[in-house]
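Worksheet for the structure shown next.
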Amino acid sequence: MNKTTEAIINQLSELILGKEEQIRLAVVCLLCKGHLLIEDLPGMGKTTLSHGLANVLGLSYQRVQFTSDLLPADITGSSVFNTQQQSFDFHPGPIFSQVLLADEINRASPKTQSALLEAMEERQVTVDGKTHPLPEPFFVIATQNPLHQSGTHPLPESQLDRFFLRISLGYPDEHAEKTLILGNNLQRQHLSELSCVLDLTALAVLQQTVVAVNLSDSVVQYIINLVNFTRYSGQFSDPLSPRASIALGLATRAYALTQGRDYALPDDVQAVFAAVAGHRLNISANELDDVVKGIFDNVAVVL
């Protein structure tokens, strides 16, 4: 088992009870240099997860509450005229952080959403014709409220795959909720007690190691068969693209790495498939488990 990734997961599991698999997927997303979308109700631990990840990795952290009146410049920054030097000075916005929590992203206007999504893709911000590179690593964790809630603007379907993975934390089990009620898990106190597990150099090495994990021909064929099912079964209006195939292969490798292996198994494909494919197939989080089970039942594992 990879000791470094396991140390990260163990620390965060003490912070967010009973959600080890979701935490592992968040780490997978970071190792793949992707961005994470969390769809859930308020109060499920999304902010704690993002802040905790930043703390255990020693990364700078900013949180932006997305609202209907939030402007693109409130995120990216703006140029302000300096009367003494008779020139414009750029004042960077909160997007210039290594971990950015875009909280309730679907409450912002489409224009502001687009500003963030473009920066996520290009990893730079252009203001008044001047380009400013974003920090490295640059990891966006965006939260999205269920779309039936009032005041929400759905993310553009064409831009949803800017998010590498989508997960839901879901309700805690009874044991975890009992611990929360009794106050035996003081999340904010534990946040400050988290120790940094690795430095930026070690994180970069770990990210580079992902592509060295072996994908056998049978695992690649299994990925292709799953993707083809979404394209040719007639069950999906938005089938998976080649970009999704690439993401599925990369996430499979990273998941295997977090399990301490330098080779991937079909089990690794199945472990990340819902998080990679769900938002790209435009399936709500509530329907996802049943749809994914149906796909797995129809596509045999390649041996």
Side-chain angles (χ1 to χ4, degrees), residues 2 4-9 11-13 15-16 19-40 44-57 59 61 63 97-103 105 116-117 119-121 123 134-144 155 159-170 197-198 200 202-211 213 223 240 243-259 264 268-281 285 288 292:
N2 186 296
T4 303
T5 57
E6 201 57 29
I8 297 171
I9 294 167
Q11 283 215 50
L12 292 175
S13 294
L15 192 67
I16 305 169
K19 301 298 174 187
E20 181 178 328
E21 192 60 19
Q22 289 89 338
I23 293 169
R24 186 180 299 277
L25 289 171
V27 172
V28 164
C29 191
L30 176 62
L31 293 181
C32 295
K33 300 182 181 180
H35 303 292
L36 181 66
L37 179 63
I38 306 178
E39 183 175 306
D40 233 321
M44 305 296 273
K46 302 183 290 288
T47 303
T48 305
L49 172 61
S50 58
H51 203 166
L53 258 176
N55 281 8
V56 297
L57 297 170
L59 303 176
Y61 171 80
R63 172 182 176 272
S97 58
Q98 292 166 316
V99 177
L100 174 70
L101 173 62
D103 211 1
I105 186 175
L116 175 65
L117 294 169
M120 288 163 52
E121 178 73 14
R123 294 180 182 270
L134 292 168
E136 185 64 38
F138 175 57
F139 184 36
V140 173
I141 301 177
T143 71
Q144 176 172 248
L155 293 170
Q159 296 184 342
L160 267 177
D161 69 352
R162 305 283 173 87
F163 290 99
F164 189 76
L165 298 182
R166 182 190 71 178
I167 63 172
S168 294
L169 292 177
V197 174
L198 72 171
L200 286 180
L203 175 59
V205 170
L206 207 53
Q207 289 174 324
Q208 292 166 6
T209 306
V210 170
V211 294
V213 174
I223 291 173
L240 295 176
R243 184 184 296 174
S245 305
I246 295 169
L248 188 53
L250 193 59
T252 297
R253 284 173 150 152
Y255 193 89
L257 184 67
T258 67
Q259 299 287 350
D268 300 321
V269 181
Q270 294 189 352
V272 300
F273 183 81
V276 172
H279 56 302
R280 293 178 168 95
L281 292 171
L288 189 57
V292 169

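Any value given below was found using the heavy atoms of this structure, including those in side chains, with hydrogens, waters and symmetry copies removed.
Minimum interatomic distance between Ala254 and Cys32 (heavy atoms only, all atoms of both residues): CB-SG, 3.5 Å. Residue Met120 comes nearest to Val140 through the heavy atom pair CG-CG2, 3.7 Å, listed as atom of the first residue, atom of the second, then distance. Looking at every heavy atom in both residues, Thr4 comes nearest to Val197 through O-CG1, 3.9 Å. The shortest non-hydrogen separation linking Ile223 to Gly249 is CD1-CA, 3.8 Å. For the residue pair Arg166 and Leu288, the shortest heavy atom distance occurs at NH2-CD2, 3.9 Å. In terms of heavy atoms, Ile105 sits closest to Leu155 at CD1-CD2, 4.0 Å.
Residues Gln11 and Leu15 form no side-chain contact, since every pair of their non-hydrogen atoms from C-beta on lies 4.5 Å or further apart. Leu198 places a side-chain heavy atom less than 4.5 Å from the side chain of Ile8. No side-chain heavy atom of Val276 sits under 4.5 Å from any side-chain heavy atom of Leu240. Contact check for Phe163 versus Leu117: side-chain heavy atoms found under the 4.5 Å cut-off. Contact check for Leu53 versus Ile141: side-chain heavy atoms found under the 4.5 Å cut-off.
Distance check, rounded to the nearest 0.5 Å: CG of Leu248 to CG of Leu165 gives 10.0 Å. Here the CD1-CG distance, from Ile16 to Leu49, works out to 4.0 Å after rounding to the nearest 0.5 Å. Residue Leu30 holds its CG atom at 10.5 Å from NZ of Lys33, rounded to the nearest 0.5 Å. Once rounded to the nearest 0.5 Å, the distance linking CG of Leu36 with CD1 of Ile167 reads 4.5 Å. One distance of note links CG of Leu25 with NZ of Lys19; it measures 12.5 Å at 0.5 Å rounding. For the atom pair Ile23 CD1 and Thr5 OG1, the distance stands at 12.5 Å (nearest 0.5 Å).
The backbone N or O of Leu12 lies less than 3.5 Å from no partner atom in the side chain of Glu20, so there is not a single donor-acceptor pair. No donor-acceptor distance shorter than 3.5 angstrom exists from the side chain of Arg162 to the backbone of Glu121, with no hydrogens or angles considered. Put simply, the side chain of Arg63 never gets that close to the backbone of Thr47: no donor and acceptor are under 3.5 Å apart.
Residue pairs meeting the side-chain hydrogen bond (donor to acceptor under 3.5 Å, both in side chains) criterion with at least one member in residues 271-280, sequence neighbours excluded, do not occur.
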### Task
Test Leu37 against Gln144 for side-chain contact (heavy atoms from CB on, under 4.5 Å), laying out the working first.
CA-CA 7 Å; Leu37 179 63; Gln144 176 172 248; 4.0 Å; yes

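Ring orientation note: the planes of Phe139 and His35 are close to parallel, at an angle under 30° on the 30°/60° scale.
For Asp40, the side-chain contact (heavy atoms from CB on, under 4.5 Å) partners at least two apart in sequence or on another chain are Met44, Lys46, Ser168, Leu169. Ile246 is linked by a side-chain contact (heavy atoms from CB on, under 4.5 Å) to nothing, counting only residues two or more places apart in sequence or in another chain.
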